[in-house]
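Inspection log for the structure reproduced underneath, given as structure tokens.
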Amino acid sequence: MPGDRLTRADLSAGSLQVAPLLLGAVLVHHDGVARVAVRLTEVEAYTGSADPGSHAHRGRTPRTQVMFGPPGHLYVYFSYGMHWCANVVCGPDGEAAAELLRAGEVIEGLDVARGRRPTARVDADLARGPARLAAALGIGRDQNGADLCAPAATLWLEPPDAGRVPGRQTLTGPRVGVSGPGGDARTFPWRFWTADEPTVSTYRPGTPRRRRAGTGGRLSGAGDADREVGRDERTATP
DNA sequence: GTTCCGATTCCCT
DNA sequence: GGGAATCGGAACC
């Protein structure tokens, strides 16, 4: 039987407020054939169109229109020519706040998830990383814009099960992979994860962009100005 | 129309 | 720890 679900009201308070609510919550995808559920262990906040690390920073475009829409919808984007990543829109209509789902633990549909992620060597790797999480859940282009709060949703969020998952410490640190200009926006502890979780993806600072493969392309980016942003701060917030 | 580059992952050293 | 794979969005000419 289906458990409780997070409501649009739950998901409308903005990315920094919603982040702790999502840790431990369970994202379920029932595509009509298979059902896979992932308990979220790591999320990352994107605060809106003023956030230089966000896709929404350049304003509303066809790609980012879902982010600018009402909360409770899934924003799915394509990255590096091969990966899909999923975000939960969690701010008022027009604000473009969203939460990137970075990692989780597959707690239901393990066999299906293993089939979708054949390269994972251990189950903890099935959804460790944003693109891996999307793959394990079967999330792709078709799920962009999905309403997680609709009565007939095939993709939805269930709140943390306090009985099964004992209270764990929530830690925060700088976001992953956000590079370039942005100053404080790069270093604010807008990444949230659950302590002592093997499914949390390893921290990597914003990547200094490399020379383009093969074609003698120029060295892109800001060169030496693009140095490491910060270490894993491990700021405890009980 | 063309170019640049990414909220990544995987494989090899 | 480093490099390649791969394609769509957005900027630029």
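Atoms considered below: every heavy atom in the structure, side chains included; atoms not considered: hydrogens, waters and symmetry mates. Throughout, a chain's letter reflects where its sequence line sits, starting with A, and its residues are numbered from 1. Fair warning: this is a prediction, and the values are worked out from it, not measured in the lab.
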Which nucleotides of DNA chain C pair, in dot-bracket form (Watson-Crick or G-U under 3.5 Å, | meaning another strand): |||||.||||||.
Working for side chain to side chain contact (heavy atoms under 4.5 Å, CB included), residues A:Leu100 and A:Glu42: CA-CA 9 Å; A:Leu100 172 65; A:Glu42 183 186 359; over 6 Å; no
Spacing between [X] atom [atom1] and [N] atom [atom2], to the nearest angstrom:
X        : N      : atom1 : atom2 : result
A:Trp84  : C:dG9  : CH2   : C1'   : 11 Å
A:Met67  : B:dA7  : CE    : P     : 11 Å
A:Leu126 : B:dC10 : CG    : P     : 11 Å
A:Trp190 : B:dA7  : CH2   : C1'   : 14 Å
A:Tyr75  : C:dG8  : OH    : C1'   : 11 Å
A:Asn144 : C:dG8  : CG    : P     : 14 Å
A:Asn87  : B:dA7  : CG    : C1'   : 8 Å
A:His83  : B:dC10 : NE2   : C1'   : 8 Å

Stacked pair A:Tyr46-B:dA7, distance under 5.5 Å, angle under 30°: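 Whether judged by distance or by angle, A:Tyr46 passes, so it stacks on the base of B:dA7.
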NZ/NE/NH1/NH2 to OD/OE distance under 4.0 Å, A:Arg116 and A:Asp31: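 A:Asp31 and A:Arg116: salt-bridged.
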Selected nucleotide, minimal atom distance to A:Tyr80 side chain, candidates B:dC10, B:dA7, B:dT8: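 In terms of side-chain proximity for A:Tyr80, the closest of B:dC10, B:dA7, B:dT8 is B:dT8.
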Heavy-atom side-chain contact between A:Leu157 and A:Val26 under 4.5 Å: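 Side chain of A:Leu157 against side chain of A:Val26, heavy atoms only: no contact under 4.5 Å found.
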Derivation of the side chain to side chain contact (heavy atoms under 4.5 Å, CB included) call for A:Asp147 and A:Leu74: CA-CA 7 Å; A:Asp147 186 354; A:Leu74 205 64; over 6 Å; no
A:Tyr75 and A:His55 aromatic ring geometry - parallel, tilted or perpendicular at 30°/60° bounds: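 Rings of A:His55 and A:Tyr75: perpendicular, as their planes differ by over 60°.
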Could you pull out the protein-nucleic contacts involving nucleotides 11-13 of chain B (nitrogen or oxygen on both sides, under 3.5 Å)?
none

Is [X] reaching over with its side chain to a backbone N or O of [Y], donor-acceptor style, under 3.5 angstrom?
X        : Y        : result
A:Gln143 : A:Gly140 : yes
A:Thr64  : A:Met67  : no
A:Arg35  : A:His29  : no

Close approaches to DNA chain C from residues 47-61 of chain A, in residue order (heavy atom, under 4.0 Å):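 Going residue by residue through residues 47-61 of chain A, the ones with a heavy atom under 4.0 Å of DNA chain C turn out to be A:Arg58, A:Thr61.
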Any A:Arg191 side-chain nitrogen or oxygen under 4.0 Å from OP1 or OP2 of B:dA7: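 No, because none of the side-chain N or O atoms of A:Arg191 sits under 4.0 Å from OP1 or OP2 of B:dA7.
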side-chain N/O A:Arg63 vs C:dA10 OP1/OP2, d < 4.0 Å: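 Yes, A:Arg63 has a side-chain N/O under 4.0 Å of OP1/OP2 on C:dA10.
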Residue whose nearest DNA chain C nucleotide is more 5′ - A:Thr64 or A:Met82: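 Taking each residue's closest nucleotide, the earlier one in sequence belongs to A:Met82.
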Closest heavy-atom pair and its distance - A:Ala120, A:Leu126: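 Scanning both residues, the minimum pair turns out to be CB-CD2, 3.7 Å.
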A:Thr41-A:Glu105 side chain donor-acceptor pair, cut-off 3.5 Å: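 A:Glu105 and A:Thr41 do not have a side-chain donor-acceptor pair below 3.5 Å.
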Base of B:dA7 paired with side chain of A:Tyr77 (donor-acceptor, under 3.5 Å):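 Check passes, donor-acceptor contact within cut-off.
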Option among A:Val88, A:Val89, A:Leu11 that satisfies the side-chain contact (heavy atoms from CB on, under 4.5 Å) test with A:Val18: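 Exactly one option meets the side-chain contact (heavy atoms from CB on, under 4.5 Å) with A:Val18, and it is A:Leu11.
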A:Arg58, CZ atom: more than 12 neighbouring heavy atoms under 6.0 Å: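 Counting other residues, nucleotides and ligands, CZ of A:Arg58 stays at 12 neighbours or fewer.
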